[in-house]
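Working notes, structure below.
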Amino acid sequence: MLFYEGTYYWFGEHKVKGRKGNKAQVGVHCYSSTDLYNWNDEGIALSVKEDTSSLLERGCVIERPKVIYNENTGEFVMWFHHELKGRGYDAAMTGMAVSDNVTGPYVYKKSVNPNAGHWPENFTGEQKNADVQPEDLKSWSDEWKKAVKNGLFVRRDFEEGQMSRDMTLYIDDDGKAYHIHASEENLTLHISELSEDYKSFTGNYVRVQPGGHNEAPSIFKHNDKYYMICSGCTGWDPNAARLLMADSIMGKWEYLGNPCIGERKDITFDAQSTYILPVKGKKDAYIFMADRWRPKNPIDGRYVWLPIQFNDKGHPYLEWFDKWNLDFFDK
Ligand code: DGJ
């Protein structure tokens with residue numbers, strides 16, 4: 001979701017009727033609204049290619065597209081989780097496309113494994129130099145979990161670039177943009193700084209919750225604290241959401257537990273985090289947006305939107321409402 005000149009633009013994975021599976025047949029679709037209730041169809045913002053030599057060939061996987069606007073260049077920059085045709089979820093890349101118009105057409109530029117040749121800022125010398133390899137250890141053994149925490153996959157991917165699956169983007173108050181992605185085989189989130197034009201990675205990045213096995217990151221800032229709501233990793237099935245808090249975006253993130261309360265709190269109300277939208281013109285108003293995946297018939301996937309509330313400690317929490325509207329934030 002992007003708010004630009006009085007309008008919300010909603011970007012999403014275009015699904016095709018009667019088509020099973022999660023392969024991109026069309027591209028990224030865009031809708032617009034000035035009130036969050038009534039939506040206009042703005043058509044396809046980014047199209048897959050018929051050209052078999054393009055990484056964006058029809059049949060690849062495009063997930064979780066996000067668009068940010070760069071005030072200095074006047075360009076709209078889209079990033080998305082990109083998997084290559086015929087390679088399952090192995091490529092773990094992030095794709096980038098740009099446009100001068102918010103609704104597109106976006107021109108596909110590249111897909112990368114981020115931060116090749118750079119160590120995370122919060123990596124120790126010992127972690128850089130450890131020589132244990134993934135093949136030396138049994139997956140999910142205690143030694144393996146310890147090695148993962150200590151950067152087993154960061155070292156494996158150091159030269160070629162880090163993995164990037166579920167992702168989101170965030171622009172901080174100073175205009176710097178960050179790409180937040182599930183990396184290290186979905187075992188550790190990375191927060192990576194983007195260049196001034198938002199079109200590449202600077203190489204500055206941090207690991208968040210090493211070995212925490214988090215994905216589906218969504219982020220917002222409230223009262224000088226950064227909050228992230230993400231999920232565990234259970235494929236298309238929902239699980240309990242996870243709340244993290246930090247004083248600075250690249251700073252130390254503290255785990256605060258499950259932000260959901262009430263019935264179905266352990267499956268995030270049958271949904272998975274995707275974005276947190278600050279509502280324009282309303283104070284302390286943030287909408288938690290989540291996906292209800294329906295992998296057998298992806299076009300039947302649904303959305304859950306819930307208002308973020310704050311407890312006595314000032315921390316966010318989520319409860320289910322059968323029905324609510326934006327007046328909720330005026331109470
Ligand atoms: C969960 C992720 O959050 C989704 O975006 C998608 O990648 C599925 N996993 C695939 O199983």
Side-chain angles (χ1 to χ4, degrees), residues 21-22 61 63-64 81-84 86-94 113-116 118-168 180-192 205-218 228-244 252-260 264-268 270-274 290-291 293 295:
N22 198 37
V61 170
E63 292 182 355
R64 298 177 177 267
H81 171 194
H82 188 199
E83 297 293 347
L84 306 185
R87 287 191 41 193
Y89 277 75
D90 275 1
M93 297 180 120
T94 183
N113 290 119
N115 298 318
H118 296 276
W119 293 114
E121 273 176 29
N122 53 355
F123 219 49
T124 63
E126 207 179 318
Q127 287 173 326
K128 284 177 200 165
N129 295 320
D131 66 0
V132 53
Q133 305 302 327
E135 53 277 14
D136 299 340
L137 301 167
K138 192 171 175 300
S139 295
W140 298 102
S141 63
D142 288 346
E143 293 97 316
W144 180 88
K145 286 187 204 157
K146 197 169 159 212
V148 167
K149 268 194 185 171
N150 281 320
L152 185 68
F153 294 116
V154 175
R155 284 191 302 277
R156 181 197 66 185
D157 295 337
F158 178 74
E159 271 167 30
E160 302 288 322
Q162 300 295 318
M163 298 177 95
S164 177
R165 290 204 182 110
D166 282 6
M167 51 74 61
T168 195
I180 300 157
H181 49 270
S183 193
E184 303 179 34
E185 303 287 352
N186 278 1
L187 291 155
T188 300
L189 291 169
H190 288 182
I191 300 185
S192 301
Y205 69 110
V206 290
R207 303 172 77 213
V208 176
Q209 289 265 296
H213 214 185
N214 299 312
E215 65 176 4
S218 60
M228 181 144 63
I229 299 179
C230 51
S231 74
C233 300
T234 47
W236 298 109
D237 296 330
N239 54 59
R242 296 152 180 208
L243 174 67
L244 303 163
K252 194 157 167 43
W253 287 82
E254 184 189 345
Y255 176 55
L256 298 178
N258 182 353
C260 301
R264 297 188 301 167
K265 71 175 170 34
D266 291 329
I267 52 165
T268 317
D270 188 15
Q272 186 187 30
S273 42
T274 190
D291 289 297
W293 304 114

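Keep in mind that this is a model prediction, so the values were computed, not measured.
Under 4.0 Å is where a charged nitrogen must lie from a carboxylate oxygen, and between R165 and E83 at least one such pair does. Salt bridge status for E184 with R207: present, with a side-chain N to carboxylate O gap under 4.0 Å. Remark: E215 does not engage R64 in a salt bridge, criterion side-chain N to carboxylate O under 4.0 Å.
What you find for K149 and Q127 is that their closest heavy atoms are O-NE2, 3.9 Å. Between P259 and A241 the shortest heavy-atom distance is CD-O, 3.6 Å. Here the closest non-hydrogen pair linking Q133 and D131 is NE2-O, 3.1 Å. Counting all heavy atoms, side chain and backbone alike, C233 lies closest to N214 at SG-C, 4.0 Å. The shortest heavy-atom contact between N258 and Y255 is N-OH, 4.4 Å. The nearest pair of heavy atoms linking L137 to W144 is CD1-CA, 3.9 Å.
Checked options L189, L256, T168; the residue passing with M228 is L189 (criterion: side-chain contact (heavy atoms from CB on, under 4.5 Å)).
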Residue pair V61, H81: steps toward the side-chain contact (heavy atoms from CB on, under 4.5 Å) verdict: CA-CA 8 Å; V61 170; H81 171 194; 5.5 Å; no
Begin from the C-alpha positions of E185 and Y89 and carry the test side chain to side chain donor-acceptor pair (under 3.5 Å) through to its verdict. CA-CA 10 Å; E185 303 287 352; Y89 277 75; over 6 Å; no
Show, in sequence, the C-alpha distance, side-chain angles and deciding distance for M167 and H82, and conclude whether the side-chain contact (heavy atoms from CB on, under 4.5 Å) test is met. CA-CA 10 Å; M167 51 74 61; H82 188 199; over 6 Å; no
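Without hydrogens or angle criteria, S218 side chain to I229 main chain gives a donor-acceptor distance under 3.5 Å. Side-chain atoms of D136 never come within 3.5 Å of backbone atoms of V132 as a donor-acceptor pair (strictly under, hydrogens ignored). Checked by atom type and distance alone, the side chain of T94 never pairs as donor or acceptor with a backbone atom of S164 at under 3.5 Å. The main-chain N or O of A240 is never found under 3.5 Å from a side-chain atom of D266 such that the two would form a donor-acceptor pair. Using modelled atom types, one side-chain atom of R155 and one backbone atom of A130 make a donor-acceptor pair closer than 3.5 Å.
When side chains are defined from C-beta on, T188 does not count as touching V208, because their heavy atoms never get closer than 4.5 Å. Looking at heavy atoms from C-beta onward, S192 lies in side-chain contact with N115 at the 4.5 angstrom threshold. Residues M93 and R87 form no side-chain contact, since every pair of their non-hydrogen atoms from C-beta on lies 4.5 Å or further apart. Looking at heavy atoms from C-beta onward, L244 lies in side-chain contact with C230 at the 4.5 angstrom threshold. Within the 4.5 Å cutoff, the side chain of T124 has no heavy atoms near those of the K128 side chain. Side-chain contact check for K145 versus D142: some heavy-atom pair is nearer than 4.5 Å. Between N239 and I267, the closest side-chain pair of non-hydrogen atoms is not below 4.5 Å. With contacts defined as side-chain heavy-atom distances shorter than 4.5 Å, the pair D166/Q272 qualifies.
Between W140 and H213, the distance from one ring center to the other falls under 6.0 angstrom.
No side-chain donor-acceptor contact under 3.5 Å links Q209 and W253.
Relative ring orientation between H190 and Y205 is described as tilted, the plane-to-plane angle lying within the 30° to 60° band.
The CD1 atom of I191 sits 9.5 Å away from atom NE2 of H181, with the distance rounded to the nearest 0.5 Å.
Under the side-chain hydrogen bond (donor to acceptor under 3.5 Å, both in side chains) criterion, S273 pairs with no residue, sequence neighbours left out.
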